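Structure, as C-alpha cells:
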Amino acid sequence: MTPIRTRFAPSPTGFLHVGNIRTGLFAWLLARHYNGQFILRLEDTDKKREVSGSDQHLLDCLKVIGVEWDEGFDIGGPLGPYRQSDRLDIYKKWAQKIIESGRAYADPYTPEEVETFREQARQEKCAFLYRNHRPENPPVWDGTTPLRFKSEPKGYSWHDEVMGDLATGPEVIDDFILIKSDGYPTYNFAHIVDDAEMQITHIIRGQEFIASVPNYLNLYEALSLTPPIMATMPHILGTSGNKKLSKRDGAKDVLDYIRDGFLPDALVNFIASLGWNDGTEQELFTREELIEKFSLERVGRGGARFDEQRLIWMNGHYIRELSPDELFKKASDFWPEAAKDTSDEKKRQILSLAHDRLKTLADLPQLTSFFFIEPTPDWNLVATNKQLKKIERTELQALLKTAHDKLAATEFDEASLTAALNELLQATQQKPAVLFGIIRLGLTWAPFSPGLAETMAVLGKEVTLRRLENAATTIVN
RNA sequence: GGCCCCUUCGUCUAGUGGUCCAGGAUAUCUGGUUCUCAUCCAGAAGACCGCGGGUUCGAAUCCCGCAGGGGUCACCA
C-alpha cells in the first residue's frame with residue numbers, strides 16, 4: 001500500500017482563523033495516523049486578494065500548534081515547487097494538453113457580457129450555466145482571455161469520507177475557467193494539477209467546495225486522472241447565528257489565542273474535538289492519542305459551534321497538567337509589569353500559588369498583582385462581603401490588630417503560619433469566614449487570592465505586618 | 001430559484017432496531033473541602049432525539065414527506 005499523502009493548501013489572503021486551521025489539523029492528523037506525508041502548499045493565484053506577510057503568518061500559526069509538514073512552500077521537497085505562483089509553467093503545460101484534446105477553449109466574452117448572462121439567469125431564478133452560452137467557434141486561445149474547460153454534462157455519484165455517498169445530476173456541470181486572463185490558474189484547475197503532481201491521496205477541505213466536486217470529477221476524467229479520496233469538513237459555526245465562523249464574529253487566529261494565554265495543546269485538543277470524537281466518552285486527548293485515534297469516518301457531518309467556554313475549561317486543564325517548570329517557562333510573557341524586578345525564585349513561589357487558579361496564562365496579573373505592588377484598600381470589598389458586612393468596623397479593626405501582633409511573633413513558614421492562624425481563631429473566638437476574611441482582604445485587597453498561609457509566606461513578614469497595620473489604620477474611614 | 005448537505009440537553013457530543021422514559025463533557029445552580037477565588041468531590045436541573053407519516057412486536061436509530069438551517073450557482077479560494 002502506498003503511503004498516504006495529505007495536504008493543507010491555504011491562500012495568503014489574510015489570517016488563518018481557528019476554523020480554517022482545523023482542516024489543516026485534520027489533514028495532518030490523518031497523515032501522521034497512517035505514517036504518511038503532510039504537504040503544505042500555498043495557493044497564491046489571486047493576486048488581488050493577496051495580503052503581504054500572510055504566507056509567513058500561516059507558517060507561524062501552524063508551527064505554534066505543533067503541526068509539522070514534510071514538504072512545503074518554505075522548505076521545498078521532491079515534488080515542488082509548492083507555491084502556486086511558481087508553478088505557472090506547469091499549469092500552462094497541462095492547459096495545453098486539455099486544449100489539444102479539445103476539452104478547453106478560449107472564452108470570447110468580456111466580463112460584462114458574462115455578467116449579463118448571469119443576470120439573466122438570476123432574473124429567471126435559475127442557476128447560471130456558462131455552457132448555455134458556449135461559443136460555437138471560439139478563437140484560438142492566446143493567453144489574454146480566460147481559458148474555459150469544455151465540460152461534458154453528466155450525473156455523478158461519489159463517496160466522501162465524511163459526508164458519505166453523494167450524487168448530483170448533469171445540471172450542475174458547467175464550463176469553468178481554468179486559466180484566468182491574467183495568466184494565473186483558478187483554484188479549480190490548479191489544485192487538480194497540483195494534487196496529481198504532488199501525488200496527494202486524500203483531499204480534506206471545507207464544505208464550500210462540495211458543490212464543485214462534480215465539476216472536478218468531470219475535469220479529472222478529461223485529464224484521465226484518478227480523483228483522490230475526498231473528505232468534506234462541515235463548517236465551524238460562529239458563537240451566534242448559524243453562519244460559519246468568520247473574522248466578523250470575532251474569530252481569532254491561533255496566534256491571537258496564544259497571546260491570550262491559551263496553550264497549543266489545549267487549542268489542538270479543542271479544535272480537534274469540534275466535530276470529531278473517538279466514539280468513547282473521552283474528552284481530553286494528548287497529541288499522540290489524537291494521531292493514534294483519528295479517523296475521517298468519525299468526523300461529524302453537522303457544523304459545530306465554536307464555544308470559547310469549553311476552550312477555557314480545556315485550557316485550565318492543560319495548565320494544571322503542566323509541571324511547575326513548564327508553567328514557569330510558558331508564563332514568562334504574562335507577568336504583570338510590576339513583576340519585572342522580582343527574582344525568578346519569588347516568581348516561582350507565586351506561580352505555584354496561582355497554578356490551579358489559572359484558566360489562561362493571561363489571568364496571571366489579576367491573580368498575582370498584589371504580590372508585586374501595594375494594593376489600594378477597597379472597603380467596598382468588605383461592605384459587600386456577606387460575613388464581614390455584618391461586623392462593626394471597630395471590631396474588624398481589633399481583629400486586624402490582634403492578627404498583626406500574633407503574626408509579629410510568628411515564623412513565616414507555611415506550617416507555623418497555619419498554626420498561628422488556628423491559634424488566632426481560638427483566641428478571638430471568631431468564625432473563620434470573618435477572621436480569615438478580613439485578614440485576606442487586608443493583605444490583598446483582591447476579590448480572590450490564593451490561600452492565606454501560603455500568601456503570607458510568600459509576601460514575607462515585613463510586608464504582611466505592614467499591610468495589616470495599614471488596613472487597621474485606614475479602617476475608620 | 002436550481003442543485004447539494006445538515007438537524008440529539010444552552011454548547012461540544014455518545015448513540016448504526018430492543019441493554020435509551022437517551023449517556024458523557026462543558027456551562028449553570030446547590031452542598032462539602034477551617035476565608036475569597038480556583039481545584040477537587042458529591043448532587044440538581046437541563047433533549048418530548050426538527051416536525052408529520054409509515055415499516056416493525058419494538059425506532060433517536062430504517063423508509064417517505066415537510067420544515068428549518070447551511071453551502072453553491074465568481075476571471076475567490
Side-chain angles (χ1 to χ4, degrees), chain A residues 9-11 13 43-46 48-49 107 109 111 114-115 118 121-130 145-148 160 163-164 166-169 171-172 174 176-182 184-188 190-191 205-214 232 234-235 237 239 241-244 270 273-284 300-314 316-317 320 354-359 363 366-367 381 385 387-388 418 421-422 425 431-441 444 446-452:
Chain A
S11 297
T13 52
E43 310 225 314
D44 60 340
T45 57
D46 186 349
K48 292 186 291 293
R49 292 206 312 157
D107 179 345
Y109 301 115
V114 178
E115 187 49 39
R118 209 191 315 279
R122 256 195 293 269
Q123 303 258 315
E124 291 164 11
K125 289 201 179 291
C126 58
F128 169 66
L129 282 176
Y130 183 94
T145 62
L147 181 70
R148 289 224 178 229
D160 185 287
M163 293 300 173
L166 306 174
T168 52
E171 68 281 355
V172 303
D174 197 16
F176 57 91
I177 289 175
L178 301 171
I179 308 269
K180 298 179 274 186
S181 60
D182 64 2
Y184 281 81
T186 57
Y187 164 84
N188 301 140
H191 90 275
R205 74 213 330 170
Q207 72 174 48
E208 63 271 28
F209 293 104
I210 206 164
S212 305
V213 168
T232 299
H235 283 144
L237 277 25
T239 35
N242 284 320
K243 300 276 190 190
K244 76 168 176 176
F270 176 71
S273 63
L274 282 178
W276 175 86
N277 72 83
D278 72 341
T280 71
E281 286 178 351
Q282 187 169 350
E283 311 275 343
L284 299 161
R301 299 181 184 182
R305 194 172 301 276
F306 188 92
D307 179 12
E308 220 173 78
Q309 291 286 15
R310 205 174 152 77
L311 172 60
I312 288 170
W313 159 69
M314 218 172 248
H317 166 83
R320 269 172 258 126
H355 197 152
D356 276 3
R357 280 160 247 259
L358 293 170
K359 299 272 198 198
D363 292 340
Q366 69 162 142
L367 241 29
L381 291 168
N385 181 293
Q387 291 288 341
L388 298 180
T418 304
L421 286 172
N422 281 330
L425 222 40
K431 284 189 280 194
V434 173
L435 178 67
F436 296 164
I438 190 62
I439 297 176
R440 192 190 72 79
L441 283 175
T444 65
F448 41 84
S449 59
L452 246 193

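Order of the sequence lines sets the chain letters (A, B, ...), proteins ahead of strands, with each chain counted from 1. This structure is a prediction, so every number in the text was calculated from the model and none was measured.
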Margin query: Mind checking if Asn385(A) touches a base, just sugar-phosphate, or nothing, with heavy atoms under 4.0 Å?
Written below: nothing
Glu208(A) meets the salt bridge (Lys or Arg N to Asp or Glu O under 4.0 Å) criterion, sequence neighbours left out, with none
Item to complete: Give Leu425(A) one of three labels, base, sugar-phosphate or nothing, depending on what nucleic acid heavy atoms sit under 4.0 Å from its own.
Response: base
With a 4.0 Å cut-off (strictly under) to non-hydrogen atoms of chain A, the first and last hit nts on RNA chain B, 5' to 3', are G1(B) to A77(B)
Applying salt bridge (Lys or Arg N to Asp or Glu O under 4.0 Å) to Asp363(A) and not counting sequence neighbours gives none
Checklist entry - Lys359(A) near the nucleic acid: base, sugar-phosphate alone, or nothing, with a heavy-atom cut-off under 4.0 Å? => result sugar-phosphate
Take atom C1' in C41(B) and the same atom in C5(B), then report the distance between them in whole Å. 44 Å
By ring-ring contact (aromatic ring centres under 6.0 Å, His included), Tyr187(A) pairs with (sequence neighbours left out) His191(A), Phe209(A)
Keeping the roles fixed (side chain from Thr444(A), backbone from Ala446(A)), state whether a donor-acceptor pair exists under 3.5 Å.
yes
- Mind checking Glu171(A) for me? I need base, sugar-phosphate or nothing, with any heavy atom below 4.0 Å counting as a touch. sugar-phosphate
**OP:** Determine the interatomic distance between P on G32(B) and the same-named atom on G24(B); round to the nearest Å.
**Re:** 24 Å
In whole angstrom, give me the gap between the P atoms of C29(B) and A67(B).
41 Å
Checklist entry - Hey, does Arg320(A) reach any base, or is it just sugar-phosphate, or nothing, if we go heavy atoms under 4.0 Å? => result sugar-phosphate
Does the side chain of Leu388(A) reach to within under 4.5 Å of the side chain of Ile438(A), using non-hydrogen atoms?
yes
query = P atom, A47(B) versus C4(B): distance in rounded Å?
reply = 35 Å
Taking a pair to mean Watson-Crick or G-U wobble geometry with both distances below 3.5 Å, A22(B) pairs with none
- Given the P atoms of U36(B) and G43(B), what is the spacing between them in whole Å? 23 Å
Paired to G43(B) by Watson-Crick or G-U wobble criteria (both distances under 3.5 Å) is C29(B)
Sorted by chain and residue number, the ring-ring contact (aromatic ring centres under 6.0 Å, His included) partners of Phe436(A) (sequence neighbours excluded) come out as none
**Message:** Within the 4.0 Å heavy-atom criterion, would you say Arg305(A) contacts the bases, only the backbone, or no part of the nucleic acid?
**Reply:** sugar-phosphate
Across every strand shown, the nucleotide meeting Watson-Crick or G-U wobble geometry with A67(B) (both distances under 3.5 Å) is U7(B)
Across all chains, not counting sequence neighbours, the salt bridge (Lys or Arg N to Asp or Glu O under 4.0 Å) partners of Arg310(A) are Glu283(A)
Give me the distance, rounded to whole Å, that separates C3(B) from U8(B) when you measure between the C1' atoms they each carry. 28 Å
